[in-house]
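Keep in mind that what you see is a predicted model, and the values were worked out from it rather than measured.
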Amino acid sequence: MRSVKMDLMLTLLGGFLFLCGFNFWMAQGAVHYYDFILKESNFTRLCSTKSMLTVNDSFPGPVIRVQKGDTVYVNVQNQGEYGVTIHWHGVKQPRNPWYDGPENITQCPIPAGTNFTQEIIFSDEEGTLWWHAHSDWSRATVHGAIVISPANGTTYPFAQPDAEEVIVLGSWFTGDVMAIIDEALTTGGDPNISDAFTINGQPGDLYNCSSDSTYRLLVESGKTYLLRIVNAVMNEEMFFGIGEHNLTVVGMDGAYLKPINVEYIMITPGQTMDVLFTANQSPSYYYMAGSPFADTNAPFDNTTTTGIVQYSGNYTPPSSPSFPSLPAYNDKAAAENYTALLQSLASNEHPINVPLNITTSMYITVSVNQIDCNGSCAGPDGNRLAASLNNISFQTPTTDILEAYYQTLPNVFTKDFPDEPPYYFNFTGDVGNNTIFPSLGTKVRVIDYNEAVEIVFQGTNVGAAENHPMHLHGYSFYVLGFGSGNFNSTTDPLSYNLDDPPLVNTIGVPKNGWLTIRFIADNPGVWFMHCHLERHASWGMNTVLIVKNGTTDATSIRPRPGYMPPCSTS
């Protein structure tokens, strides 16, 4: 039996390691097990029935529930028709990129008829995250929420809500989603837009054949509800609100925020938000609604999904529930004004650590482009639609990059992703035709362990300019500031928020504007960075950050698992 003195020494040692910068503590929480059965299931929406890939016959898929610091094992059984991967969006997976999931980046697809058990290690995340397929467009139907409750002995930094509910915003395509993107990539044209948005899998009253199945949230007068909102929409950012009710935003992307009282939120694909609302209106029905924010000339789904907040009690339901006042689809100011409100809680219980002495700086242009195909493609001027970072359109390899890096395999990727664009021009003005065509390549950026990294994303007016939600795997990052036009390295940093910037994993880069993020590269591994508008990711608006090992086993990538899905089968 261990002595009390030994237990005390071990406790103090654990605390010392954490306080001295061991940012991703060893898993001390509970262990959970889930079975995810991927298979085709029939679903009926918008007056028609189709077969689609789901997890456990559900859309959205099952919710993973853990406490801060827990570990989860998910046995993914692929009973579908093609290879698929699963990504645990926003989970940092300390030293564990093997189970992060993006196809041909950290693993190859799980072949049909096989299974693969993934280990998901939670560290400092708390709040709401989500999981989704990360193969082509399969995430349209394969996704679900992750709920991370406070660890034992701790609580929320706000009053305990009376109840909570997961709200997943999604896209519905009447056609086969994989066929839609396959056709677009074959022809070089724009993929078909979605036919509806959904709230918890249901389109809502404003679509055909949908009112009988509209999602309903039953509430009691005077009670406060925590909504865990996930934007799983494929290609549109969303405004969301509840008729006649204010919202209080308290968390985002698995971290807490200073409470923000708003009438609506703007949430990009990939983002999650924790939102409180109190049932303090007259008992009735009230619409919750999601409508697109799309400040672009590109095609988009300009429809509105609804659910109903339904009070308990005896009353006559209204003929039409009250509707939230949401901004117009192209209200760029409304979207950016909302984003400007986001601030980390930055309390003693939930501290932040903004890097101040930057050792790695990158300036990355974000563009929609074209590839010349001699007039034979379905894009503009007979070209193929593409997208790029620093004018490089990412080409996904057939061998996954993590395997190639770990095994030192040749001819899979090159380490020359640049720290700045190949040449400078008026990025947000009249860009001219000479910037349309990007170079093609599988280029990564290698970063030394523990570097203090700053990335300035620069939106450009090349192609169809719009807001781009950029997501980084393996990390959360601080958003120091954003603005319109071309970034000015002398004056714009003067406006940075270094005191309480939001800590997120996905953020929208403004249309024809810039945005700055910072993080400490203390999670060794191979980490995907990409736009979370799915059509842009399909076109190459991606790159990979490889963070090298530190000097100890505890600061190095964990050993390769005994089994990884083979790259010879997809």
To the nearest 0.5 Å, what is the distance between [atom1] on [X] and [atom2] on [Y]?
X: S388; Y: W539; atom1: OG; atom2: CH2; result: 12.0 Å
X: N549; Y: D448; atom1: CG; atom2: CG; result: 11.0 Å
X: L257; Y: L345; atom1: CG; atom2: CG; result: 8.0 Å
X: L545; Y: I447; atom1: CG; atom2: CD1; result: 4.5 Å
X: F394; Y: M541; atom1: CZ; atom2: CE; result: 14.0 Å
X: T516; Y: D492; atom1: OG1; atom2: CG; result: 7.5 Å

Student check: side-chain heavy atoms of [X] and [Y] closer than 4.5 Å:
X: S171; Y: N235; result: no
X: E220; Y: Y225; result: yes
X: P324; Y: I242; result: no
X: T198; Y: L169; result: no
X: I401; Y: F528; result: no
X: F36; Y: Q118; result: no

- prompt: Quick check: are there more than 12 heavy atoms from other residues, nucleotides or ligands sitting under 6.0 Å from CD of E263?
  reply: no
query: Hey, is CG on N337 packed in by over 12 heavy atoms from elsewhere, all under 6.0 Å?
result: yes
Over all heavy atoms of both residues, which pair between [X] and [Y] is shortest? Give the atoms and the distance, please.
X: V219; Y: F277; value: CG1-CZ, 4.0 Å
X: A145; Y: V230; value: CB-CG2, 4.1 Å
X: I121; Y: V91; value: O-CG1, 3.4 Å
X: A452; Y: P355; value: CB-CB, 4.1 Å
X: P469; Y: P269; value: CB-O, 4.1 Å
X: Y338; Y: I265; value: OH-CG2, 3.5 Å

Name the orientation class of the two ring planes belonging to [X] and [Y] (parallel below 30°, tilted from 30 to 60°, perpendicular beyond 60°).
X: F323; Y: Y287; result: perpendicular
X: W514; Y: Y496; result: tilted
X: F487; Y: Y363; result: tilted
X: Y475; Y: W527; result: perpendicular
X: H143; Y: W130; result: perpendicular

field: E451/K548 salt bridge by N-O under 4.0 Å criterion
entry: no
query: Hey, is E165 close enough to R228 for a salt bridge, meaning N to O under 4.0 Å?
result: no
Keeping the roles fixed (side chain from [X], backbone from [Y]), state whether a donor-acceptor pair exists under 3.5 Å.
X: D253; Y: T272; value: yes
X: E420; Y: I364; value: no
X: N96; Y: E119; value: yes
X: E237; Y: I267; value: no
X: N390; Y: I392; value: no
X: Q458; Y: G485; value: yes
X: K92; Y: G474; value: no
X: D70; Y: G29; value: no
X: T85; Y: P102; value: no
X: T71; Y: V31; value: no

task: Check whether the ring centres of Y286 and H245 lie less than 6.0 Å apart, and answer yes or no.
output: yes
field: Check: F482 ring centroid to F457 ring centroid under 6.0 Å
entry: no
Distance only, no hydrogens: is a donor on one side chain within 3.5 Å (strictly under) of an acceptor on the other, for [X] and [Y]?
X: T428; Y: N461; answer: no
X: Q93; Y: D100; answer: no
X: T365; Y: T460; answer: no
X: T128; Y: D274; answer: yes
X: Y256; Y: E126; answer: yes
X: H536; Y: H468; answer: yes
X: N152; Y: Q67; answer: yes

query: T224 pairs by side chain to side chain donor-acceptor pair (under 3.5 Å) with which of N280, T278, T248?
result: T278
message: Restricting to side-chain contact (heavy atoms from CB on, under 4.5 Å), what partner residues turn up for L218, sequence neighbours left out?
response: Q310
field: Qualifying residues under side-chain contact (heavy atoms from CB on, under 4.5 Å), relative to A151, sequence neighbours excluded
entry: K68, T154
- request: Using the ring pair (Phe, Tyr, Trp, His ring centres under 6.0 Å) rule, pick out the option among H87, H473, H89 that qualifies with H532.
  value: H89
- request: Check step by step if ring pair (Phe, Tyr, Trp, His ring centres under 6.0 Å) holds for W88 and Y99.
  value: CA-CA 8 Å; W88 320 96; Y99 299 111; 9.6 Å; no
field: Residues forming a side chain to side chain donor-acceptor pair (under 3.5 Å) with T551, sequence neighbours excluded
entry: none
- request: With E466 as reference, evaluate K511, K332, R535 under the salt bridge (Lys or Arg N to Asp or Glu O under 4.0 Å) test and give the passing residue.
  value: R535
